[in-house]
Structures are given as structure tokens and as C-alpha cells.
Protein chains: 2
Amino acid sequence: MRAVSIGAVAKATGVKVPTIRYYEDVGLLPVADRTDSNRRTYDAATISRLRFIRHARDLGFAVEAIRQLLDLSDQPDRSCQEVDSIARLHLADIDEKIARLTALRAEVKRMVDDGEHGRVAECRVIEVLGDHTACLHEAH
Amino acid sequence: MRAVSIGAVAKATGVKVPTIRYYEDVGLLPVADRTDSNRRTYDAATISRLRFIRHARDLGFAVEAIRQLLDLSDQPDRSCQEVDSIARLHLADIDEKIARLTALRAEVKRMVDDGEHGRVAECRVIEVLGDHTACLHEAH
DNA sequence: CTAAATGCTCAAGCGACTAGAGGATCAAGT
DNA sequence: ACTTGATCCTCTAGTCGCTTGAGCATTTAG
């Protein structure tokens with residue numbers, strides 16, 4: 001299972017073929033090895049990396065943040081302070097995202113539950129994300 | 001505190017002035033009332049709505065998904081099945097996002113903790129989001 | 001009553017893809 | 001061996017969701 005094609009990687013990860021090439025262009029993926037006929041080939045590590053990128057993007061992380069997280073992973077022996085400050089920053093961001101998603105989840109769930117017993121009484125989706133969590137996020 | 005300017009709304013929500021106008025253009029915000037001199041004015045409801053949009057975008061929801069969630073909120077007396085199916089869809093998505101964020105959080109946390117006792121031993125950020133949760137997400 | 005701040009519109013730019021044209025190469029069946 | 005369809009390549013252009021800037025009007029603070 002060594003050195004698979006870009007199409008196989010696309011199937012394995014759910015990332016479209018042109019997007020994989022794009023990630024290579026912008027340096028999120030290493031420049032791929034090529035066959036004699038100039039086709040890209042990939043190994044398991046790149047597939048994992050790609051899956052990570054996909055999920056992280058899906059979760060709303062900017063490409064730059066992903067680049068930093070990947071760098072942490074690429075150079076596990078970097079200085080403590082550096083890793084620590086970058087990681088802590090993302091940790092705070094992740095915690096905030098989880099808090100907001102949990103609040104949103106509760107509200108959408110309530111709407112679903114209400115829906116089963118007739119009609120939706122009130123929808124507070126806006127309030128739950130809009131105001132409730134505003135205090136977590138003063139200066140951005 | 002009735003009818004504030006676009007700049008005040010921008011300050012209150014952290015959404016930039018041109019972005020607010022953009023949201024009006026694409027229909028996420030209602031067309032704003034204007035003063036005699038053609039300036040937009042906003043009320044509290046729009047500010048909440050805007051905060052919701054901002055947080056939801058931040059969490060990686062597509063504009064179309066946000067539009068649907070806002071519609072649920074706008075028309076709380078729609079048919080049960082409709083609300084239910086839309087909400088359930090988003091609920092599943094939200095649950096997945098929470099699961100992935102929680103996994104990522106644990107790994108980044110571990111890196112921070114390791115960092116305090118010397119150097120970062122291993123970084124498994126990629127594995128944690130890349131493979132661990134792949135099974136939750138076969139067909140997208 | 002000015003001068004800085006804020007607002008308006010419109011047009012262009014940017015980040016992160018996405019789609020399409022045009023052409024080479026591979027893999028499978030006959 | 002040959003063809004035909006899938007997959008690959010590069011390159012250009014388009015889309016989405018903003019962001020920036022030009023040029024001009026209005027408001028507000030000193």
C-alpha cells in the first residue's frame with residue numbers, strides 16, 4: 001500500500017483532487033513525489049496530514065492556524081515557550097468553540113424536542129449564540 | 001437606545017462595517033431602515049442576529065446553514081417535519097464538530113502539559129483529528 | 001464654523017477553493 | 001496490439017465570503 005495516486009487519496013480523505021494540489025501549492029502539504037510520467041504519489045503520512053487539514057478547516061480554523069498546528073507536529077522538539085504559547089492560544093480558541101457549539105446544540109436540540117410535541121414554541125437560536133457567549137469574546 | 005448607527009453596531013458586535021452592509025446585500029440581515037440622510041439604523045434585534053451570524057461563521061457554519069437556522073428562528077410556527085429535519089441535520093453536524101474539537105483539545109492540552117516538563121515528546125495532533133474521527137464521517 | 005469622524009456607493013482585491021479547457025497517460029477489455 | 005474510458009497533468013478563470021480603497025456627503029466635537 002505504498003505510493004498511491006492523487007485520486008485514491010481524494011477518495012480516502014474526501015478532499016477533492018484540485019484541492020489536494022492546491023494544498024501542495026500553498027505549502028500545507030509537502031511537494032509530492034512524482035512517477036516517471038509526472039503523476040503525484042502519496043504515502044500514508046500525507047493522507048493523515050490531509051485528513052487533519054480537512055477536519056480542521058471544517059471546524060473553522062484558518063489555514064494559518066492549521067499551518068501552526070502542523071508545525072508543532074512536524075517539529076516536536078522545538079523550544080518549550082514557543083510550543084506552549086502557540087498551543088495555549090489555540091487551546092483557548094478551541095475551548096471557546098466548544099462552549100459555543102454546546103450552547104447552540106442545546107438550543108437546536110430543544111427545538112427538535114419541542115417539534116415532536118406539536119409546533120416549535122419559541123426559537124432562541126439567536127440568543128443562545130448571540131448574547132450568551134458575547135462576554136467570552138470582548139476584544140477580538 | 002433605539003436606532004443606532006452602523007458604526008455603533010460594528011463596535012457592539014465586532015463585525016466590521018462593510019461586512020454588515022455585505023450581510024444586508026446577501027439577505028442575512030433585513031434591509032436596514034435609513035435616516036433622512038440615507039444612513040442605516042439598527043435596533044437590538046438586528047444586533048443579536050448579527051452576533052449570531054458572526055459566531056456561527058466563526059464556528060465554520062456555511063452561510064446557507066446559518067440562513068436555515070435563522071429561518072427556523074424567524075418562523076417558529078413552521079411545520080414540525082420541516083423544522084425537525086433541518087434541525088436534526090444541524091444537530092448531527094454540531095455533535096460531530098464538538099467531538100472533533102474535544103479530541104483536538106485533549107491533544108493540544110497534552111502538548112502544553114508535556115511542554116512544562118521539558119520538551120514536547122511526541123505530537124499526535126494529526127492522528128487525533130485525522131484518523132480518530134474519520135469513521136464518524138465516511139460519506140460527506 | 002471648521003475639521004475629523006463617520007457614513008454612503010461602487011469597484012477592485014484577496015483567501016480558499018472549484019470548475020473547465022486541452023492534452024498526456026494508464027488500465028481493462030477484446 | 002488496440003482502443004476507449006478513466007485518471008492524470010497544467011493553466012486559466014470563476015465563486016464565495018468578505019476586505020480594502022476611492023471619491024463624495026453628512027455629522028459631530030472642539
Side-chain angles (χ1 to χ4, degrees), chain A residues 1-43 46-47 49-70 93 129 137 140, chain B residues 1-43 46-47 49-70 129 140:
Chain A
M1 220 267 206
R2 297 228 114 217
V4 303
S5 72
I6 196 170
V9 173
K11 241 164 230 161
T13 60
V15 179
K16 289 175 186 167
V17 168
T19 307
I20 297 173
R21 292 197 275 249
Y22 169 76
Y23 285 154
E24 182 181 328
D25 282 355
V26 299
L28 281 185
L29 290 180
V31 173
D33 288 341
R34 302 285 184 128
T35 66
D36 290 351
S37 62
N38 199 36
R39 293 174 172 216
R40 291 172 181 83
T41 61
Y42 298 91
D43 56 14
T46 307
I47 295 177
R49 193 180 178 96
L50 191 49
R51 257 198 268 262
F52 172 81
I53 297 169
R54 179 182 187 281
H55 288 306
R57 289 288 303 132
D58 215 34
L59 290 168
F61 289 93
V63 162
E64 191 46 41
I66 296 172
R67 207 187 297 275
Q68 287 185 3
L69 289 170
L70 286 172
D93 185 37
L129 264 198
H137 214 58
H140 205 48
Chain B
M1 219 264 207
R2 296 231 115 215
V4 303
S5 72
I6 196 170
V9 173
K11 241 163 232 162
T13 59
V15 180
K16 289 175 183 164
V17 169
T19 308
I20 298 173
R21 292 195 276 247
Y22 169 76
Y23 286 153
E24 181 180 328
D25 282 355
V26 300
L28 281 184
L29 289 180
V31 173
D33 288 343
R34 302 286 184 126
T35 64
D36 290 352
S37 63
N38 199 37
R39 297 181 166 208
R40 291 172 180 82
T41 62
Y42 297 90
D43 56 14
T46 307
I47 295 176
R49 192 180 180 96
L50 192 48
R51 255 199 267 264
F52 172 81
I53 296 170
R54 178 181 187 281
H55 288 307
R57 290 288 303 133
D58 215 35
L59 290 168
F61 288 93
V63 164
E64 191 44 43
I66 296 172
R67 208 187 295 275
Q68 286 184 1
L69 289 170
L70 285 172
L129 263 199
H140 202 48

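Remember, it's a predicted structure, so these values are computed and weren't measured experimentally. A, B, ... follow the sequence lines: proteins, then strands. Residue 1 opens every chain.
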Is R34(A) close enough to dT10(D) that one of its side-chain N or O atoms is under 4.0 Å from OP1 or OP2 there?
yes

What string of B, S and - do you get for nucleotides 13-18 of chain C, 5' to 3', if B is base contact, S is sugar-phosphate-only contact and - is no contact with any protein heavy atom under 4.0 Å?
---BBS

Starting at CG of D36(A) and ending at C1' of dC26(C), how long is that distance when rounded to a whole Å?
13 Å

CD1-CZ distance between I47(B) and R49(B), expressed to the nearest 0.5 angstrom:
13.5 Å

For R40(B) and dA25(D), give me the distance from atom CZ to atom C1', rounded to whole Å.
14 Å

Using atom names, set out every protein N or O paired with an N or O of nucleotides 20-25 of chain C below 3.5 Å, distance rounded to 0.1 Å.
{"unit_1": "dT25(C)", "atom_1": "O2", "unit_2": "R39(A)", "atom_2": "NH2", "d": "3.3"}

Are the charged groups of R67(A) and E64(A) less than 4.0 angstrom apart, N to O?
yes

Taking only residues two or more places apart in sequence, or in another chain, which ones meet N38(B) in a side chain to side chain donor-acceptor pair (under 3.5 Å)?
R34(B)

Hey, what do you get for CD (E24(A)) to CD1 (I6(A)), rounding to the nearest 0.5 Å?
7.5 Å

Calculate the interatomic distance between I6(A) atom CD1 and dA6(D) atom C1'; express it in whole Å.
15 Å

Is the backbone N or O of A12(B) less than 3.5 Å from a side-chain atom of R51(B), with the two atoms forming a donor-acceptor pair by type?
yes

To the nearest Å, how far apart are N38(B) CG and dT27(D) C1'?
14 Å

Let's go through F52(A) and I66(A) carefully: what are the C-alpha distance in whole Å and the side-chain angles of both, what is the deciding distance for side chain to side chain contact (heavy atoms under 4.5 Å, CB included) to 0.1 Å, and is it a yes or a no?
CA-CA 9 Å; F52(A) 172 81; I66(A) 296 172; 3.9 Å; yes

Gap between atoms CG and C1', on D25(A) and dC11(D) respectively (whole Å):
11 Å

Side chain to side chain contact (heavy atoms under 4.5 Å, CB included) between L70(B) and I53(B), worked out:
CA-CA 9 Å; L70(B) 285 172; I53(B) 296 170; 4.0 Å; yes

side-chain contact (heavy atoms from CB on, under 4.5 Å) test vs Y42(A) passes for just one of I20(A), D33(A), L50(A), namely I20(A)

